[in-house]
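Notes for the one structure printed next.
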Amino acid sequence: MQPIIIVLIILVVLVFIALIKTIQVIPQASAAIVERFGRYTRTLNAGLNIVVPFIDSIRNRIDLREQVVPFPPQPVITQDNLVVNIDTVIYYQVTDARAATYEVASYIQAIEQLTVTTLRNIIGGMDLERTLTSREEINAALRGVLDEATGKWGIRVNRVELKAIEPPTSIQDSMEKQMRADRDKRAAILTAEGIRQSQILTAEGEKQSAILRAEGEAKASALRAEGEAQAIRTVFESIHAGDPDQKLLSYQYLQMLPKIAEGDANKLWIVPSEIGDALKGLSGAFGNLGNGAPGFNTGRERREEPPVD
């Protein structure tokens with residue numbers, strides 16, 4: 001009885017193992033290669049799959065999602081014989097699990113080597129300056145070559161990026177000095193332009209100020225001259241209305257003589273000939289005033305009007 005139980009237990013275990021090998025669950029965005037006696041039979045897609053246990057075997061499980069693979073820096077010689085180190089990043093996706101399994105031994109290593117050789121061919125036809133400024137061109141050329149070569153491997157290269165381009169240390173120092181000199185030059189130009197603009201604005205301000213000052217002085221002079229003319233007219237009209245005689249004019253002239261004599265420049269006087277007669281008349285008037293002679297009107301006497309015919 002005991003051997004029968006052992007045999008049943010062994011059969012149950014074998015059935016369980018067979019069920020496990022029969023039912024294969026493939027995750028989403030994955031594929032599995034099935035071989036029967038070492039020969040490719042079919043590709044298992046995502047979901048629940050049934051295989052023949054102990055006859056069918058799964059050779060490889062492949063991730064169908066887009067993959068990102070960074071490659072280490074590779075030394076590349078430019079057209080002007082300078083060595084630059086280039087880091088690359090490849091974005092690829094497996095489109096045919098069977099081709100990726102049987103057409104190439106290791107598609108990752110194959111893509112890396114193909115990238116290195118293609119980079120050397122592309123960079124070898126460019127100088128350093130063009131290499132540093134033509135990333136998009138290099139990316140497009142590299143992607144075209146990789147996509148064409150990896151198509152038969154069941155691989156699609158979606159994108160190629162140059163992560164870094166490192167020229168030699170001496171070239172980097174020279175480039176930094178050149179950039180520093182360019183920055184200093186631009187700063188000097190901007191400073192000179194600012195000074196020039198400031199001087200122009202200052203000159204414009206001084207010009208406008210001088211114009212306004214001249215206009216103000218001209219208006220002030222015109223108003224001053226107009227005021228003096230008005231004063232002269234007023235004085236003339238007053239004198240004309242008072243009807244002064246020769247004696248009063250002589251007296252006023254004598255009062256103005258000290259003012260005329262003021263200043264160091266007034267060393268020569270020109271006395272009109274008529275002033276002698278006026279002075280004679282004035283002296284005669286003062287003489288008559290002292291003698292009390294008639295003919296000079298004092299404050300207590302009334303001037304007689306001549307008879308009217």
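Predicted model, so just to flag it, every value in this text is computed and none were measured.
For Asn121 (side chain) and Thr117 (main-chain N/O), a donor-acceptor pair under 3.5 Å exists by modelled atom type. Under a 3.5 Å cut-off, the side chain of Ser198 and the backbone N or O of Gly194 do not form any donor-acceptor pair. A distance-only check finds no donor-acceptor pair linking the side chain of Ser30 to the backbone of Ile26 [under 3.5 Å]. In this structure a side-chain-to-backbone donor-acceptor pair under 3.5 Å is missing from Thr43 to Ala32. Using modelled atom types, no side-chain atom of Thr150 and backbone atom of Arg156 make a donor-acceptor pair closer than 3.5 Å. For Asn60 (side chain) and Ile58 (main-chain N/O), no donor-acceptor pair under 3.5 Å exists by modelled atom type. Between the Gln93 side chain and the Leu64 main chain, a donor and an acceptor come within less than 3.5 Å of each other. The main-chain N or O of Arg135 is found under 3.5 Å from a side-chain atom of Asn139 such that the two form a donor-acceptor pair. No donor-acceptor pair closer than 3.5 Å links the side chain of Ser209 to the backbone N or O of Gly205.
Taking CD1 from Ile10 and CD1 from Ile5, the interatomic distance works out to 12.5 Å, rounded to the nearest 0.5 Å. Atom OG of Ser106 is separated from atom CD of Glu112 by 9.5 Å, given to the nearest 0.5 angstrom.
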Could you walk me through whether Glu137 and Met126 pass the side chain to side chain contact (heavy atoms under 4.5 Å, CB included) test, one step at a time? CA-CA 11 Å; Glu137 181 181 352; Met126 298 181 178; 3.7 Å; yes
Residue pair Phe71, Ile111: steps toward the side chain to side chain contact (heavy atoms under 4.5 Å, CB included) verdict: CA-CA 10 Å; Phe71 295 144; Ile111 291 175; 4.0 Å; yes
For a side chain to side chain contact (heavy atoms under 4.5 Å, CB included) check, start with the C-alpha distance between Ile123 and Ile138, then their side-chain angles and the critical distance, and finish with the verdict. CA-CA 8 Å; Ile123 302 301; Ile138 298 172; 3.4 Å; yes
Please assess Leu142 against Leu119 for the test side chain to side chain contact (heavy atoms under 4.5 Å, CB included), listing each intermediate value before the final yes or no. CA-CA 7 Å; Leu142 188 58; Leu119 269 178; 4.2 Å; yes
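Judged purely by distance below 3.5 Å, without hydrogens or angles, the side chains of Asn158 and Glu66 pair a donor atom with an acceptor atom. Looking at Gln24 and Arg61, their side chains do bring a donor and an acceptor atom within 3.5 Å of each other.
The two residues Pro75 and Val83 make their nearest non-hydrogen contact at CB-CG1, 4.0 Å. Heavy-atom minimum distance, Gly154 versus Ala99: N-CB, 3.8 Å. Contact between Ala46 and Ala29 at its shortest, heavy atoms only, is CB-N, 4.4 Å. Of all non-hydrogen atoms in Arg59 and Thr101, the two that sit nearest each other are CG-CG2, 4.2 Å.
Under 4.0 Å is where a charged nitrogen must lie from a carboxylate oxygen, and between Asp63 and Arg65 at least one such pair does. With salt bridges taken as basic N to acidic carboxylate O contacts below 4.0 Å, none links Lys207 and Glu204. Look at Glu161 and Arg159 and you find a salt bridge, because one of the NZ, NE, NH1 or NH2 atoms lies within 4.0 Å of a carboxylate O, short of that distance.
Taking the side chain as every heavy atom from C-beta outward, Tyr40 and Val34 never approach each other to under 4.5 Å.
With a 6.0 Å radius and a threshold of 12 heavy atoms from other residues, nucleotides or ligands, Ile55 has its CD1 atom above the threshold.
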